[in-house]
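Report on the structure given below.
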Amino acid sequence: MDLSIFYAKEGTWCFGVKHPSDTANSQTYMSISLQGCHRNCNQKGVCHSSVDESGLTFYSFCTCDRDHGGFDCSDELVSPNGHIWQSVFLIASNGAAILPAFWALRQKAFAEWILYTSSGISSALYHSCDVGTWCILSFRVLQFLDFWLSFMAVVGTFIYMATIDEVSKRAMHTAVFILTALLAATGATRSANIGIVIAIGSVGLLMGWLLEFSTARRFICWPSRINLNMPQSWPSLRTLFQITLEMVNKRFRWIFLLLGFMTLSFAAISWKLESNNNYWIWHSIWHITIYTSSFFFLCSMRVSTRNSSPESNYELTRQDSMPRSEPRET
């Protein structure tokens with residue numbers, strides 16, 4: 001007979017054995033042993049020990065591997081083949097970071113290229129450690145790098161779409177570095193972080209447009225008095241809407257912009273649907289959709305509009321404005 005007592009309290013224990021009447025002369029052997037963990041965690045985990053705050057009670061518990069669980073790691077959570085497939089999906093799905101990284105490299109946006117590349121690599125290394133394959137750094141450090149660089153990749157895409165000058169862009173990136181680092185350090189796995197990161201990116205994009213328009217003196221002067229007559233104010237509002245629509249149409253390609261918002265919405269849905277049972281499926285889809293949305297947003301920008309400069313046309317006009325009557329040197 002094998003009897004195990006879990007969490008035995010200190011004190012005096014009494015054990016009694018009753019023999020049948022026909023085996024009165026038989027002998028009974030009793031062996032009592034104290035183990036840190038039941039059955040040594042069945043060789044499926046590591047036994048750890050700790051003492052409570054009073055220092056009088058000693059505890060032992062098992063830390064099971066990725067495939068097993070339960071009190072003594074005797075419950076198989078996933079088969080070895082299933083573990084392999086989960087590891088492959090979680091690690092390989094980060095290859096979608098190649099799409100925005102390749103686009104940034106072709107456009108010579110080296111800062112964004114480094115950001116997307118390091119984000120995909122850090123996420124792959126983090127999930128490699130999470131599934132128990134290989135840990136190049138500690139789990140906490142890899143988790144921080146994964147979430148922080150993912151947040152930066154999302155916000156950096158919005159800031160790059162603003163097409164502002166480098167001085168303003170560096171200032172925005174510095175502020176975003178601090179905010180996203182705080183989010184990743186204080187509560188990286190919170191679902192609310194997705195909404196916060198998208199809100200930060202949207203604010204950065206709006207601020208970039210405002211800075212760009214104010215620098216180029218592209219603002220509309222409103223009258224000092226507010227006209228409460230709505231029929232008379234409709235033409236001005238319609239004109240403002242048409243001007244804004246023309247500016248957005250010159251700057252972005254609508255089909256890629258629509259695909260970007262669709263994939264970004266699907267990424268948010270996949271993040272929300274994650275659970276312990278289907279984590280590897282939906283989180284792999286999250287990797288693919290979030291990087292693909294950044295790729296679509298980058299492709300939506302009209303590069304020719306970004307690189308055009310009104311100052312160059314002015315220089316050409318000034319050079320050609322020489323009077324024709326003046327003699328030219330030969």
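All values derive from a computational prediction rather than experimental measurement.
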Kindly list each side-chain donor-acceptor pair under 3.5 angstrom involving residues 283-290, sequence neighbours excluded, with atom names and distances?
{"from": "His283", "atom 1": "ND1", "to": "Glu274", "atom 2": "OE2", "distance (Å)": "2.7"}
{"from": "His283", "atom 1": "NE2", "to": "His127", "atom 2": "NE2", "distance (Å)": "3.2"}
{"from": "His283", "atom 1": "NE2", "to": "His287", "atom 2": "NE2", "distance (Å)": "3.2"}
{"from": "Ser284", "atom 1": "OG", "to": "Phe89", "atom 2": "O", "distance (Å)": "3.3"}
{"from": "Ser284", "atom 1": "OG", "to": "Trp280", "atom 2": "O", "distance (Å)": "2.6"}
{"from": "His287", "atom 1": "ND1", "to": "Ser93", "atom 2": "OG", "distance (Å)": "2.9"}
{"from": "His287", "atom 1": "NE2", "to": "Ser123", "atom 2": "OG", "distance (Å)": "3.4"}
{"from": "His287", "atom 1": "NE2", "to": "His127", "atom 2": "NE2", "distance (Å)": "3.3"}
{"from": "Thr289", "atom 1": "OG1", "to": "Ile285", "atom 2": "O", "distance (Å)": "2.8"}
{"from": "Thr289", "atom 1": "OG1", "to": "Trp286", "atom 2": "O", "distance (Å)": "3.2"}

Would Leu99 and Phe296 count as a side-chain contact (heavy atoms from CB on, under 4.5 Å) if you check the C-alpha gap in whole Å, the side-chain angles of each, and the deciding distance to 0.1 Å? CA-CA 9 Å; Leu99 295 175; Phe296 284 141; over 6 Å; no
Are any non-hydrogen side-chain atoms of Trp13 and Ile32 less than 4.5 angstrom apart? no
Answer yes if Leu259 and Phe266 sit in the same cluster of Ile, Leu, Val, Met, Phe, Trp and Tyr residues linked by side chain heavy atoms under 4.5 Å apart, and no otherwise. no
Aromatic rings Tyr160 and Trp103: how do their planes relate, parallel, tilted or perpendicular, breaks at 30° and 60°? perpendicular
Ser118 side chain to Ile114 main-chain N or O, any donor-acceptor pair under 3.5 Å? yes
Report the relative orientation of the aromatic rings in Phe261 and Phe297; use parallel for angles under 30°, tilted for 30 to 60°, perpendicular for over 60°. perpendicular
Between Lys169 and Glu166, is any pair of side-chain heavy atoms under 4.5 Å apart? yes
Is the backbone of His68 close enough, under 3.5 Å, to the side chain of Asp65 for a donor and an acceptor to pair up by distance? yes
Hphob cluster co-occupancy, Val155 + Phe295, side-chain heavy atoms under 4.5 angstrom: yes
Same cluster for Ile98 and Met152 if Ile/Leu/Val/Met/Phe/Trp/Tyr side chains link at under 4.5 Å? no
Tell me, with the steps shown, if Phe139 and Asp130 meet side-chain contact (heavy atoms from CB on, under 4.5 Å). CA-CA 7 Å; Phe139 178 81; Asp130 186 36; 3.6 Å; yes
Can you get from Val203 to Phe177 by hopping between Ile, Leu, Val, Met, Phe, Trp and Tyr side chains that sit under 4.5 Å apart? yes
Taking all atoms of both residues into account, what is the closest heavy-atom pair of Leu145 and Ser122, and its distance? O-OG, 3.8 Å
Between Ser60 and Ser49 the two heavy atoms that sit nearest each other are OG-OG, 3.5 Å
Please check if any side-chain donor atom of Trp148 sits under 3.5 Å from a side-chain acceptor atom of Thr180, or the reverse. yes
So does Met301 get a backbone contact from the side chain of Arg253, meaning a donor-acceptor N/O pair under 3.5 Å? yes
Would Trp134 and Leu125 count as a side-chain contact (heavy atoms from CB on, under 4.5 Å) here? Give the steps. CA-CA 8 Å; Trp134 180 51; Leu125 293 176; 4.2 Å; yes
Please report the closest heavy-atom contact between Ser294 and Thr157, naming both atoms and the distance. OG-OG1, 3.5 Å
Nearest heavy-atom contact between Cys73 and Cys41 is CB-O, 3.5 Å
If I compare all heavy atoms of Trp113 with all of Ala104, which pair ends up nearest, and what's the gap? N-CB, 3.7 Å
With side-chain contact (heavy atoms from CB on, under 4.5 Å) as the test, would you mind laying out the steps for Phe147 and Leu183 before giving the verdict? CA-CA 9 Å; Phe147 284 89; Leu183 290 177; over 6 Å; no
Does anything in residues 87-113 form a salt bridge (Lys or Arg N to Asp or Glu O under 4.0 Å)? List the pairs, not counting sequence neighbours. none
Do Ile136 and Leu142 come within less than 4.5 Å of each other through their side chains, counting heavy atoms only? yes
Is it true that Phe256 and Met161 fall in one hydrophobic cluster, defined by side-chain heavy atoms closer than 4.5 Å? yes
